[in-house]
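Order of the sequence lines fixes the chain letters, A, B, ..., with proteins taken first and strands second; residue numbering starts at 1 for each chain. Owing to the predicted nature of the structure, the values given are computational and were not obtained by experimental measurement.
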Amino acid sequence: MSIPADSLTHPLLDGLNPQQREAVVHHGSPLLIVAGAGSGKTRVLTHRIAYLLAERDVRPQEILAITFTNKAAKEMKERVDKLIGPRSAAMWVMTFHSACVRILRREAARLGFPSGFSIYDQADSQRLMAMVCREMDLDPKRYPPRSFSAQVSNFKNELVDYETAADRASTHMERTLAEAYKNYQRRLTEAGAMDFDDLIMLTVTLLQIFPDVAEHYRRRWRHVMVDEYQDTNHAQYTLIRELVGTPELRTADGDLVREGSSGIAPAELCVVGDADQSIYAFRGATIRNILEFERDYPDARTILLEQNYRSTQTILSAANAVISRNESRKPKNLWSDQGAGPKIVGYVADDEHDEAMFVAQEVDKLADDEGVVPGQVAVFYRTNAASRVFEETFIRTGLPYKVVGGVRFYERKEVRDLLAYLRVLANPNDVVSLRRILNVPKRGIGDRAEAMVEAFAARERVPFAEGLRRAGEAPGMATRSVNAIKEFVALLDELTLKAESMSPSELAQEVLVSTGYRAELAGSGDPQDESRLENLDEMVSVASEFEEANPEGTLVEFLEQVSLVADADQIPVGDGGQGVVTLMTLHTAKGLEFPVVFLTGMEDGVFPHMRSMGEPKELEEERRLAYVGITRAERRLYVSRAAVRSSWGSPSFNPASRFVAEIPSDLVDWRSDPKKNAWTAATRREPSRTAPAGRKGGRQIPSLKPGDRVTHDQYGLGTVVSCDGDKAKVDFGSGGEKTLVLAYAPLEKL
DNA sequence: GAAAAGGTGCTTTTT
DNA sequence: GCACCTTTTC
């Protein structure tokens with residue numbers, strides 16, 4: 001744009017700063033918006049969409065906007081509608097996974113999948129991998145299915161197929177992994193299922209092998225936007241490239257370096273992100289996507305949003321000080337014009353109960369002194385397990401609260417059981433779901449019978465479902481088992497018949513009745529079963545709501561929504577009322593903001609987590625997590641820690657978190673007893689930069705006996721096998737068995 | 001085949 | 001300390 005951005009006037013640009021305006025009206029070259037925390041990046045994206053529709057004659061169906069969560073997508077659509085009237089219906093504003101499923105359902109046949117394929121989440125994938133490992137006769141201790149499942153997920157995020165994985169394998173472990181990957185993939189195909197990583201990877205494959213498909217979507221979407229770009233993985237990055245298309249590339253002499261994408265000029269791409277808020281590297285996100293955007297798209301334009309509209313200068317200064325300790329980072333200079341505000345309050349508690357009590361009392365005090373209502377307060381912690389003490393304390397003191405995250409609705413056993421029935425009815429080949437419900441509720445088909453059917457099916461080279469139908473032919477099967485299986489098959493057939501004429505909610509209800517699941521729970525006196533029953537009713541009403549929203553909706557579509565749209569609505573919104581205190585992990589807190597924030601468990605070993613302290617890269621991610629936590633606060637920030645914390649049953653004395661030490665001390669008002677401070681001063685020595693906690697100064701030589709559990713700086717957790725005077729033999733599991741000299745080994749008894 | 005006892009291992013997580 | 005998986009026992 002040649003017009004200075006601050007001279008632009010348009011109702012949609014009102015209230016935006018010059019950088020934001022420029023980002024909204026920019027067109028042509030790919031655009032990278034580097035936005036600090038609280039700088040209104042989502043607002044820019046929303047206004048940009050509205051501006052495209054209102055001023056640049058873009059049709060809604062030409063827009064594809066990718067968000068990180070469904071909730072963000074929903075909000076973005078609503079805001080666009082609010083700005084320029086209802087246009088969002090034809091617009092694709094959704095997550096990567098939703099977009100891919102919609103493309104794949106249409107094109108599934110080209111990849112050899114039925115369009116009604118099942119979608120496997122992480123738990124399903126792990127179950128399938130467990131079946132594969134058992135089939136391969138792998139020792140679950142040496143080759144844990146969970147770890148294999150995670151590693152296969154990594155491969156897929158990197159777009160590495162099993163053949164490539166096999167080619168690259170050099171160790172026995174890697175070859176076994178590649179073999180398991182191959183078998184896993186075969187069984188997924190047999191089950192007519194895709195896992196979450198497949199949804200992305202197979203869409204990329206689809207676009208790469210079928211140029212006509214790629215061109216179709218490139219013609220459709222002329223504007224592609226991605227929010228939270230720092231959290232994209234390699235597969236998602238490639239997907240965006242394929243969808244946008246690449247221009248022809250020539251050297252200065254005019255020699256062709258790379259051909260352009262077929263048929264059509266690349267779409268306009270606009271991505272938004274903050275490398276400092278990348279906290280998902282552990283599941284494959286790579287910051288490189290955002291750091292090297294300009295290299296990936298040479299004519300890209302970058303706009304920095306540095307003004308923060310959320311927090312006070314005190315909070316921002318603290319955040320800046322902490323994040324600046326990270327190396328390999330492009331400096332940003334976040335500023336706020338909201339004034340210094342109150343100081344950060346620090347508190348050193350005796351133990352975790354005292355810490356929770358402090359939070360509860362402080363919330364009360366804030367209510368009295370400043371009229372803060374519980375709904376304005378959030379308590380963050382590093383791990384889900386930490387929520388318990390707060391819950392107990394808040395219940396005791398009568399402070400209303402809500403825990404966000406933890407065990408989610410769709411992860412509950414009974415809900416998954418019901419969904420498994422529906423999935424089998426929608427896709428009879430779905431072997432993971434089928435085996436899940438085989439003996440649920442108990443109907444006398446045990447592990448033995450299941451294993452026999454599996455072996456029989458494998459020998460006859462037929463799917464498990466067919467093996468089940470022909471169970472009578474399986475050698476050595478007890479008559480009782482055969483009869484039980486026959487009954488089960490008959491039940492499924494009956495339900496399949498009914499499924500044709502029933503809506504999803506009716507079918508769910510029917511499953512609960514005819515399987516006896518409802519009767520079993522209702523008949524039990526266990527109060528837990530009562531709440532299970534409630535959850536199942538809730539599930540039925542979820543199906544009813546789906547039908548209301550989609551009168552033509554099929555069972556497959558319902559199941560798809562359930563898999564893709566997890567219950568993200570549980571995050572309480574600021575209703576004018578009192579609200580409740582929000583408890584959540586730091587990860588869940590991303591993207592949210594609260595007037596008052598408590599960062600708890602600020603201890604080396606807790607946060608940063610023990611397992612991240614050895615690896616500088618992981619430590620940097622923890623620091624970004626701290627940055628995310630600090631920048632959630634609008635007015636008041638509390639940092640607290642416990643001098644003693646009982647973890648896993650035994651007490652541990654953790655030194656102060658290095659992140660707290662990184663906050664300039666003049667910003668913090670320590671609010672602990674002086675005598676407690678004196679006690680803690682000894683432990684608050686600056687922790688060494690590289691070594692984990694507990695190794696400073698007078699470390700004691702641990703006295704060990706066989707069976708003791710220990711942790712080693714390099715090898716991690718281990719078990720003492722034998723002791724010999726000043727030496728000990730320790731088994732570190734996958735790390736092998738090591739003989740260590742106790743006086744020197746960086747070993748700690750647990 | 002199912003209940004009870006025993007053992008183990010233990011970030012973060014959306015889709 | 002607890003949840004989850006495996007082994008043992010009935």
Visitor: Regarding D417(A) and Y517(A), is there a side-chain donor-to-acceptor distance under 3.5 Å anywhere?
Guide: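 Judged by distance alone, the side chains do pair up.
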Visitor: What is the distance, rounded to the nearest whole Å, between atom CD of Q236(A) and atom P of dT15(B)?
Guide: 12 Å
Visitor: Just checking E560(A): base, sugar-phosphate only, or nothing, at a heavy-atom cut-off of under 4.0 Å?
Guide: nothing
Visitor: Kindly give the heavy-atom pair with the smallest separation between A191(A) and Y120(A), and that separation in Å.
Guide: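 Taking A191(A) first and Y120(A) second, the nearest heavy atoms are CB-OH, 3.8 Å.
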Visitor: Syn versus anti for dT11(B), judged by chi lying within 90° of 0?
Guide: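 That one's syn.
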Visitor: Considering only dT11(B), dT15(B), dT13(B), which nucleotide approaches the side chain of T95(A) most closely?
Guide: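 Looking only at heavy atoms from C-beta outward on T95(A), the closest nucleotide is dT15(B).
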Visitor: Nearest to the side chain of A449(A) - dG1(B), dT14(B), dT13(B)?
Guide: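 Selected nucleotide (nearest to the side chain): dG1(B).
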Visitor: Is there a side-chain contact between N384(A) and the phosphate of dT13(B), meaning an N or O under 4.0 Å from OP1 or OP2?
Guide: yes
Visitor: Which part of the nucleic acid, if any, lies within reach of N439(A) when heavy atoms closer than 4.0 Å are counted: base, sugar-phosphate only, or nothing?
Guide: sugar-phosphate
Visitor: Can you tell me if F68(A) is stacked onto the base of dT14(B), using a 5.5 Å centroid cut-off and an angle below 30°?
Guide: no
Visitor: Quick one about D197(A) and S153(A) (side-chain donor to acceptor, distance below 3.5 Å, no hydrogens or angles considered), yes or no?
Guide: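 Per modelled atom types, S153(A) and D197(A) side chains form a pair under 3.5 Å.
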Visitor: Does one side chain, of S118(A) or N427(A), offer a donor that lies under 3.5 Å from an acceptor on the other?
Guide: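 S118(A) vs N427(A): donor-acceptor pair found between side chains.
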Visitor: Which range-with-range stems can be found for DNA chain B when each stem has 3 or more Watson-Crick or G-U pairs in a row and both distances sit under 3.5 Å?
Guide: B:1-10 with C:1-10
Visitor: Judged by modelled atom types alone, do K156(A) and Q151(A) share a side-chain donor-acceptor pair under 3.5 Å?
Guide: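 No.
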Visitor: At 4.0 Å (heavy atoms only), tell me whether E621(A) reaches a base, stays on the sugar-phosphate, or touches nothing.
Guide: nothing
Visitor: Could you check which of dA2(B), dT11(B), dG1(B) has an atom nearest any side-chain atom of R611(A)?
Guide: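 My answer, after comparing the listed nucleotides, is dT11(B).
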Visitor: So, is R283(A) close to the dT15(B) phosphate, meaning a side-chain N or O under 4.0 Å from OP1 or OP2?
Guide: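 Indeed not, no polar side-chain atom of R283(A) lies that close.
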Visitor: Which one, dT11(B), dA3(B), dG1(B), comes nearest to the side chain of R480(A)?
Guide: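 Shortest atom-to-atom distance from the side chain points to dG1(B).
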Visitor: What nucleic acid atoms does R382(A) come within less than 4.0 Å of, heavy atoms only: base, sugar-phosphate, or nothing?
Guide: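 Contact class for R382(A): base.
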Visitor: Would F390(A) and H353(A) count as a close aromatic pair, with their ring centres under 6.0 Å?
Guide: no
Visitor: Verify, without hydrogens or angle tests, whether N289(A) (side chain) and T232(A) (backbone) share a donor-acceptor contact under 3.5 angstrom.
Guide: yes
Visitor: Both Y280(A) and R443(A) contact DNA chain B. Which one's nearest nucleotide lies toward the 5' end?
Guide: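 Its nearest nucleotide lies further toward 5', so the answer is R443(A).
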Visitor: Measure from the side chain of S612(A), starting at C-beta and using heavy atoms only, and say which of dC2(C), dT11(B), dT15(B) lies closest.
Guide: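 Given the options dC2(C), dT11(B), dT15(B), the side chain of S612(A) is closest to dT11(B).
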Visitor: Establish, with yes or no, whether the OP1 or OP2 oxygen of dG1(B) is under 4.0 angstrom from a side-chain nitrogen or oxygen of S481(A).
Guide: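 Affirmative; the distance criterion is met.
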Visitor: Has S646(A) got a side-chain N or O lying under 4.0 Å from the OP1 or OP2 atom of dG1(C)?
Guide: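 No, because none of the side-chain N or O atoms of S646(A) sits under 4.0 Å from OP1 or OP2 of dG1(C).
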Visitor: With C1' as the reference atom in both, quote the distance from dT11(B) to dT6(C) in angstrom, rounded to an integer.
Guide: 25 Å
Visitor: Rounded to the nearest Å, what distance is computed from the CD atom of residue E615(A) to the P atom of nucleotide dT11(B)?
Guide: 17 Å
Visitor: Would you say a side-chain N or O of N70(A) is under 4.0 Å from OP1 or OP2 of dT14(B)?
Guide: no
Visitor: I want to verify a distance call: between dT11(B), dT15(B), dC5(C), whose nearest atom is closest to the R146(A) side chain?
Guide: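 Side chain of R146(A) sits closest to dC5(C).
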Visitor: By centroid distance (under 5.5 Å) and plane angle (under 30°), are H587(A) and dT12(B) in a stacked arrangement?
Guide: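 It does not: the ring fails the test against the base of dT12(B).
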Visitor: L438(A) CG to dG1(B) C1': how many Å, rounded?
Guide: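 So the two atoms are 13 Å apart, to the nearest Å.
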Visitor: Given atom CG of N233(A) and atom P of dT15(B), what is their separation to the nearest angstrom?
Guide: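 Atom-to-atom, N233(A) to dT15(B), this comes out as 15 Å.
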Visitor: Describe, in one word, how the ring planes of F117(A) and F113(A) are oriented to each other, choosing from parallel (under 30°), tilted (30 to 60°) and perpendicular (over 60°).
Guide: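 Taking F113(A) first and then F117(A), their aromatic rings stand perpendicular (interplane angle over 60°).
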Visitor: What's the closest nucleotide to the side chain of R388(A) if the choices are dC2(C), dT15(B), dT11(B)?
Guide: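 Looking only at side-chain atoms, R388(A) lies closest to dC2(C).
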Visitor: Considering only heavy atoms from C-beta outward, does the side chain of I395(A) approach that of E392(A) to under 4.5 Å?
Guide: no
Visitor: Would you tell me if any nitrogen or oxygen in the side chain of S563(A) comes within less than 4.0 Å of OP1 or OP2 on dT15(B)?
Guide: no
Visitor: Between dC5(C) atom C1' and Q126(A) atom CD, what is the distance in whole Å?
Guide: 13 Å
Visitor: Separation of R134(A) atom CZ from dC5(C) atom P, in whole Å?
Guide: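 It works out to 12 Å between those atoms.
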Visitor: What is the distance, rounded to the nearest whole Å, between atom CG of L625(A) and atom P of dT12(B)?
Guide: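 In whole Å, dT12(B) P lies 11 Å from L625(A) CG.
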Visitor: Using atom OH of Y410(A) as one end and atom P of dT13(B) as the other, report the distance to the nearest whole Å.
Guide: 19 Å
Visitor: Once the angle between the rings of F659(A) and F607(A) is folded into 0 to 90°, is it parallel (under 30°), tilted (30 to 60°) or perpendicular (over 60°)?
Guide: perpendicular
Visitor: How far does the P atom of dT13(B) sit from the matching atom of dC4(C), given to the nearest Å?
Guide: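 To the nearest whole Å, 16 Å.
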